[in-house]
Asks: 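Got a structure for you, written out below as structure tokens; questions coming shortly.
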Amino acid sequence: MYYLAPSILAADFTRLGEQIREAGEAGAELLHLDVMDGRFVPSISFGMPVLRSLQSLRPQSRLLFDVHLMIEEPDRYLEEFVGCGADILTVHVESCRHLHRTVAHIRELGSKAGVALNPATSPEVLKYILPELDMVLVMSVNPGFGGQSFLPFTLEKIKEIRRMADEAAPKLLIEVDGGINLETVCPVLEAGANVFVAGTAVFEGSITENVKGFKEVFARWK
Ligand code: DX5
Ligand code: ZN
């Protein structure tokens with residue numbers, strides 16, 4: 001199975017609820033929520049109040065909340081983000097001093113746990129904890145902004161994580177984030193990813209048509 005995770009960073013925030021509903025009705029499975037603190041990444045996006053208010057969409061939508069924390073010291077906020085409805089909570093390895101403890105804490109709180117790797121970070125850091133993760137998020141741009149171009153060298157890393165997962169954690173989700181569109185999604189599928197974040201490629205133009213475009217590629221790939 002392949003899953004699409006539209007990132008609301010590229011949405012029109014004056015029509016956020018409406019646009020999220022449209023993405024869900026068109027067939028997206030996850031809702032990717034990019035939390036940025038202006039320290040781990042240069043930009044500041046949104047935080048708990050936005051996530052909390054998006055909870056009101058739950059009765060009408062089956063989108064799972066995929067929360068991507070691009071923040072320093074994420075341990076300080078895990079409980080609050082799970083409380084805001086994170087179904088999958090992802091922290092960056094570069095911001096965690098005790099990654100194993102952080103991952104265990106996320107799971108104890110009742111959320112699925114993800115770990116994100118910046119483009120320059122080797123997957124070697126995950127070797128010993130892979131079976132304890134629900135998802136690995138491979139950044140295919142340097143995090144901080146939407147609308148950047150996909151970095152092709154990350155394909156090799158996705159392949160490496162796929163090999164590691166096949167051996168040690170076959171159910172692991174491998175999510176790729178940054179510069180994903182109808183062209184770049186193909187080599188990423190080929191490399192072995194199964195969750196695809198797309199901001200610009202979903203929210204620019206017709207959301208319904210864009211989501212359907214991805215779903216068609218996924219259907220052909222099976
Ligand atoms: C970047 C974010 C991404 C971003 C993707 O730091 O983590 O999720 O929204 O945007 P696009 O798909 O436009 O590259
Ligand atoms: Zn993201």
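Source: prediction; values computed, not measured. The first residue of the sequence shown is numbered 1, and numbering continues consecutively from there. Counting convention: from 1, in listed order, for ligands and their atoms alike.
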Asks: Quick one: report the N, O or S atom of D34 that is nearest to the Zn ion (ligand 2).
Replies: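 Atom name of the closest N, O or S in D34: OD1.
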Asks: Calculate the angle formed at the Zn ion (ligand 2) by NE2 in H32 and ND1 in H68; 10° precision is enough.
Replies: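 That angle works out to 100° after rounding to 10°.
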Asks: Which bit of T200 gets closer than 4.0 Å to ligand 1, counting heavy atoms only: side chain, backbone, both or neither?
Replies: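 It is both backbone and side chain that touch ligand 1.
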Asks: Taking N118 for the side chain and T121 for the main chain, is one N or O donor matched with an acceptor at less than 3.5 Å?
Replies: no
Asks: Which ligand 1 atoms does G178 reach within 4.0 Å, using its non-hydrogen atoms?
Replies: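 Counting atoms of ligand 1 from 1, those under 4.0 Å from G178 are 14 (O).
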Asks: Who's the nearest protein heavy-atom neighbour of atom 9 (O) of ligand 1, and how far?
Replies: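 Protein heavy atom at minimum distance: S7 OG, 2.9 Å.
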Asks: Nearest protein heavy-atom contact for atom 6 (O) of ligand 1: which residue, which atom, what distance?
Replies: G144 N, 2.8 Å
Asks: Nearest 0.5 angstrom please: E80 CD to L109 CG, how far?
Replies: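 Between E80 CD and L109 CG, I get 12.0 Å after rounding to 0.5 Å.
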Asks: Return yes if some donor-acceptor pair links the side-chain N/O of S140 with the main-chain N/O of F150 below 3.5 Å, else return no.
Replies: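 Such a contact is absent between S140 side chain and F150 backbone.
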Asks: Report the nearest protein non-hydrogen atom to atom 10 (O) of ligand 1: residue, atom name, distance rounded to 0.1 Å.
Replies: G146 CA, 3.6 Å
Asks: Considering the heavy atoms of H68, write down every atom of ligand 1 situated less than 4.0 Å from one of them.
Replies: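 Heavy-atom distances to H68 below 4.0 Å select 7 (O).
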Asks: Suppose I only count heavy atoms of H32 and a 4.0 Å limit; which atoms of ligand 1 are within that range?
Replies: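 This gives 8 (O) as the contact atoms.
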Asks: So is there a nitrogen or oxygen of D34 less than 3.5 Å from a nitrogen or oxygen in ligand 1?
Replies: yes
Asks: Checking Q55 against R58: is there a side-chain donor and acceptor pair closer than 3.5 Å?
Replies: yes
Asks: Looking at E132 and V103, would you say the former's side chain and the latter's main chain have a donor-acceptor pair under 3.5 Å?
Replies: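 No: the side chain of E132 does not pair with the backbone of V103.
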Asks: Is G179 close to ligand 1, meaning an N/O of one under 3.5 Å from an N/O of the other?
Replies: yes
Asks: Hydrophobic clusters here meaning ILVMFWY residues chained together by side-chain heavy-atom distances under 4.5 Å, can you tell me if I207 and V185 are in one?
Replies: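 Yes, I207 connects to V185 through the hydrophobic network.
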Asks: Considering only protein heavy atoms, which is closest to atom 1 (C) of ligand 1, and at what distance to one decimal place?
Replies: F145 O, 3.5 Å
Asks: Measuring from atom 11 (P) of ligand 1, which candidate in A201, G147, A11 has the nearest non-hydrogen atom?
Replies: G147
Asks: What about G199: any of its N or O atoms under 3.5 Å from an N or O on ligand 1?
Replies: yes
Asks: Looking at L9, which atoms of ligand 1 are within less than 4.0 Å of one of its heavy atoms?
Replies: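 Within the 4.0 Å cut-off of L9, ligand 1 contributes 9 (O).
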Asks: Return yes if a side-chain donor-acceptor contact under 3.5 Å exists between H105 and D75, otherwise no.
Replies: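 Checked: H105/D75 side chains show no N/O donor-acceptor pair below 3.5 Å.
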Asks: Over 60° means perpendicular and under 30° means parallel, so classify the ring planes of H92 and H68, tilted if in between.
Replies: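 Taking H92 first and then H68, their aromatic rings lie parallel (interplane angle under 30°).
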Asks: Atom 7 (O) of ligand 1: which of N118, D177, I8 has the nearest heavy atom?
Replies: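 Result: the heavy atom closest to atom 7 (O) of ligand 1 is in D177.
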Asks: Between E167 and K127, is the closest basic N to carboxylate O distance under 4.0 Å?
Replies: no
Asks: Give the name of the N/O/S atom in D177 that lies closest to the Zn ion (ligand 2).
Replies: OD2
Asks: Can you check whether M139's main-chain N or O pairs, donor with acceptor, with D177's side chain at less than 3.5 Å?
Replies: no
Asks: Anything under 30° is parallel, anything over 60° is perpendicular, the rest tilted; go ahead and classify Y77 against F81.
Replies: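 Perpendicular: the ring planes of Y77 and F81 meet at over 60°.
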Asks: Quick check on the hydrophobic clustering: are M70 and V176 connected, directly or via other members, by side-chain heavy-atom contacts under 4.5 Å?
Replies: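 As far as the 4.5 Å side-chain criterion goes, V176 and M70 are connected within one cluster.
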Asks: Show which atoms of ligand 1 fall inside a sub-4.0 Å distance from at least one heavy-atom site of V197.
Replies: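 This gives 8 (O) as the contact atoms.
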Asks: For ligand 1 and V141, I'd like to know whether there is a polar contact (N/O to N/O, distance under 3.5 Å).
Replies: no
Asks: Just jot down the ligand 1 atoms closer than 4.0 angstrom to any heavy atom of P143, in number order.
Replies: 6 (O)
Asks: Is there a nitrogen or oxygen of A198 sitting under 3.5 Å from a nitrogen or oxygen of ligand 1?
Replies: no
Asks: What atoms of ligand 1 come within less than 4.0 Å of a heavy atom belonging to M36?
Replies: 6 (O)
Asks: Does the pair E190 and R162 meet the rule for a salt bridge (charged side-chain N to carboxylate O under 4.0 Å, His left out), with working shown?
Replies: CA-CA 10 Å; E190 177 87 61; R162 169 49 63 207; over 6 Å; no
Asks: Quick check on contacts: which atoms of ligand 1 are under 4.0 angstrom from a heavy atom of M70?
Replies: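 In order of number, 6 (O), 7 (O).
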Asks: Return yes if a side-chain donor-acceptor contact under 3.5 Å exists between D34 and H32, otherwise no.
Replies: yes
